[in-house]
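Presented below is the structure to which this report refers.
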Amino acid sequence: MSSSVAERNYNIPEFDQPEAEDLFLASRSGLRTYGDLKKFEQFFLQFLIDYDYDLNKPVGFVSDSCDELIFAIAACWNLGIPFVCFNPNADAA
């Protein structure tokens with residue numbers, strides 16, 4: 001007899017929100033904090049609003065891996081905006 005999901009005991013970890021000065025990204029371009037990410041989120045959301053973008057539709061990114069793409073993905077994730085990434089070097093076939 002199997003138990004339902006509600007009957008199972010799961011240990012779901014709880015995470016604290018990062019502080020603004022906590023490190024978000026370290027790369028060859030430098031160090032970026034969660035405060036930097038929050039500023040980018042506000043800019044990105046305003047950009048989408050200014051262009052009357054439907055926030056329920058996915059945002060598409062065509063980019064090689066880079067700091068800007070990481071910020072864009074994290075911003076979408078935090079704002080609850082769906083997204084999809086495309087590799088600009090992928091074959092059309």
So Leu48 and Leu79, do their side chains get closer than 4.5 Å, heavy atoms only?
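Not in contact.
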Any heavy-atom pair between the side chains of Pro58 and Phe83 that's under 4.5 Å?
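Phe83 does not reach Pro58 side chain to side chain.
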For Phe71, all residues meeting ring pair (Phe, Tyr, Trp, His ring centres under 6.0 Å), sequence neighbours excluded
Phe24, Phe40
Identify, with sequence neighbours excluded, every residue that meets ring pair (Phe, Tyr, Trp, His ring centres under 6.0 Å) alongside Tyr51.
Phe47
With rounding to the nearest 0.5 angstrom, report the CD1 to CG distance, Ile81 to Asp54.
10.5 Å
Partner set under side-chain contact (heavy atoms from CB on, under 4.5 Å) for [X], not counting sequence neighbours:
| X | result |
| --- | --- |
| Pro18 | Asp22, Tyr34 |
| Cys66 | Ser63, Glu68, Leu69 |
| Leu23 | Ala26, Leu31 |
| Lys39 | none |

Taking side-chain hydrogen bond (donor to acceptor under 3.5 Å, both in side chains) as the definition, give me every residue that meets it alongside [X], ordered by chain and number, with sequence neighbours left out.
| X | answer |
| --- | --- |
| Ser65 | none |
| Asp36 | Thr33 |
| Asn87 | none |
| Asp50 | Gln46 |

Specify the closest pair of heavy atoms between Leu37 and Ala74, including all atoms of both residues, with the distance to one decimal.
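Where Leu37 meets Ala74 most closely, the heavy atoms are CD1-CB, 3.8 Å.
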Using a 6.0 Å cut-off, check whether atom [atom1] of [X] has over 12 heavy atoms from anything other than its own residue.
| X | atom1 | value |
| --- | --- | --- |
| Gln17 | CD | no |
| Phe43 | CZ | no |
| Asp52 | CG | no |

Mind checking who shares a hydrophobic cluster with Phe86, ILVMFWY linked at side-chain heavy-atom distances under 4.5 Å?
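Hydrophobic cluster check, Phe86: joined to Val62, Val84.
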